[in-house]
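Written below as structure tokens is the structure these notes are about.
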Amino acid sequence: MNHFPVPISEEQRQKVANMPAIQRAFEFLALGEEYSARREWHHAIDNMTSYQMQMAASLAAEKNWHDRAILALGKAKAYDDLETRFPLIHQGMLENYAGKRGLHLAWMYGVIRTESAFWEDARSPAGALGLMQVMPRTGQETARRLGLKNFNTNQLLQAEAQHAPSAAST
């Protein structure tokens, strides 16, 4: 696998950025209305060419909306922009936990990419939560085994929740 970034045409990228549905999606995102943002996003990319989807993915990645960027590139069948498809976000936190728990960093990134596409507050229909799609009962049991005090399953929806010193006693 080699990284070949999407060839960006600023003119085409700007045309996509100016599409009303894309603008609405980013406005909803800025307002914290993620459900509405995602609906607008899906409406927008359903009518796009493959290249337009790639431009939209570029815009989403720029706004740290990594799950939408990943999904847009997949829908466009544009698999060569590895930096957008496999972002290295939460790196410091993941390196810290990989070292503490003896886990491979690449494995952690693989699980997160597969389970949530880096959508931090992802919720599955089965009830799994967060980046790694942990079931609440599994999260509670794991927190107990790790000696984490005051654990709340809503913390599974916040990547940095367990990173804060006040959230854990180890």
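Residues P136 and L156 approach most closely at CA-CD1, 4.2 Å, considering heavy atoms. Taking each heavy atom of A69 and T84 in turn, the nearest pair found is CB-CG2, 3.8 Å. Minimum interatomic distance between A21 and A44 (heavy atoms only, all atoms of both residues): CB-CB, 3.5 Å. Residue I45 comes nearest to A56 through the heavy atom pair CG2-CB, 4.4 Å, listed as atom of the first residue, atom of the second, then distance. Across all their heavy atoms, V134 and G139 have their closest contact at CG1-N, 3.5 Å.
Hydrophobic clustering (side-chain heavy atoms under 4.5 Å, transitive across Ile, Leu, Val, Met, Phe, Trp, Tyr) groups L88 together with M132. Follow the hydrophobic side-chain contacts under 4.5 Å out from L82 and you never reach M55; the two are in separate clusters. A continuous path of hydrophobic side-chain contacts links L105 to W107 [ILVMFWY only; heavy atoms under 4.5 Å]. F26 and L31 sit in two unconnected hydrophobic clusters of ILVMFWY residues. Membership requires side-chain heavy atoms under 4.5 Å apart, directly or through other members. Note on L103 and L131: same hydrophobic cluster, where clusters join Ile, Leu, Val, Met, Phe, Trp and Tyr whose side-chain heavy atoms are under 4.5 Å apart, directly or indirectly.
Using a 4.0 Å cut-off between charged nitrogen and carboxylate oxygen, E34 and R39 do not count as a salt-bridge pair. For the pair R85 and D80, the salt-bridge criterion is not met [side-chain N within less than 4.0 Å of a carboxylate O]. Salt bridge annotation for R137-E141: absent, with no cationic side-chain nitrogen under 4.0 angstrom from a carboxylate oxygen.
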Practice item. Start with the C-alpha distance between F4 and V6, add both sets of side-chain angles, then the distance that settles side-chain contact (heavy atoms from CB on, under 4.5 Å), and finish with yes or no. Key: CA-CA 7 Å; F4 296 104; V6 171; over 6 Å; no
Practice item. Before giving the answer on side-chain contact (heavy atoms from CB on, under 4.5 Å), spell out for L157 and R123 the whole-Å C-alpha distance, their side-chain angles and the decisive distance to 0.1 Å. Key: CA-CA 8 Å; L157 298 169; R123 297 172 188 260; 2.9 Å; yes
Check your understanding: Which is it for H42 and R68 under the side chain to side chain donor-acceptor pair (under 3.5 Å) test, yes or no, and what are the steps along the way?
Key -> CA-CA 9 Å; H42 287 292; R68 297 301 100 181; 2.7 Å; yes
Check your understanding: R13 and E62: salt bridge (Lys or Arg N to Asp or Glu O under 4.0 Å), yes or no, with the steps?
Key -> CA-CA 12 Å; R13 190 171 187 264; E62 185 178 276; 2.6 Å; yes
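The shortest distance between side-chain heavy atoms of Q52 and T49 falls below 4.5 Å. Between I70 and R113, some side-chain heavy-atom pair lies under the 4.5 Å cut-off. Residues K15 and N18 form no side-chain contact, since every pair of their non-hydrogen atoms from C-beta on lies 4.5 Å or further apart. With contacts defined as side-chain heavy-atom distances shorter than 4.5 Å, the pair K75/D46 qualifies. With a 4.5 Å cut-off on side-chain heavy atoms, D67 and F118 do not count as touching. Side-chain contact between M135 and L129 is absent, with no heavy atoms from C-beta onward closer than 4.5 Å.
Y109 contributes a side-chain N or O that, together with a main-chain N or O of I89, makes up a donor-acceptor pair within less than 3.5 Å. The main-chain N or O of I112 is found under 3.5 Å from a side-chain atom of S116 such that the two form a donor-acceptor pair. The closest donor-acceptor contact from the side chain of Q133 to the backbone of A122 lies under 3.5 Å.
Rounded to the nearest 0.5 angstrom, Y79 OH and K77 NZ are separated by 5.0 Å. Separating the NE2 atom in H90 from the CD atom in E95 is a distance of 13.0 Å, to the nearest 0.5 Å. Between the CZ atom of F86 and the CG atom of D81 there is a distance of 10.5 Å, given to the nearest 0.5 Å. The distance from the CG atom of L59 to the CD atom of Q23 is 10.5 Å, given to the nearest 0.5 Å. Atoms CD and CG, on Q140 and N152 in that order, are 8.5 Å from each other to the nearest 0.5 Å. Summarising the geometry, atom CD belonging to Q54 is positioned 11.5 Å from atom CD belonging to Q12; distances are rounded to the nearest 0.5 Å.
Between W65 and W41, the two ring planes are perpendicular [angle over 60°; tilted spans 30° to 60°].
For H3, the NE2 atom counts as densely surrounded, since its 6.0 Å shell holds more than 12 non-hydrogen atoms of other residues, nucleotides or ligands. Under a cut-off of 6.0 angstrom, the local environment of CD in E27 is sparse, with at most 12 non-hydrogen atoms contributed by other residues, nucleotides or ligands.
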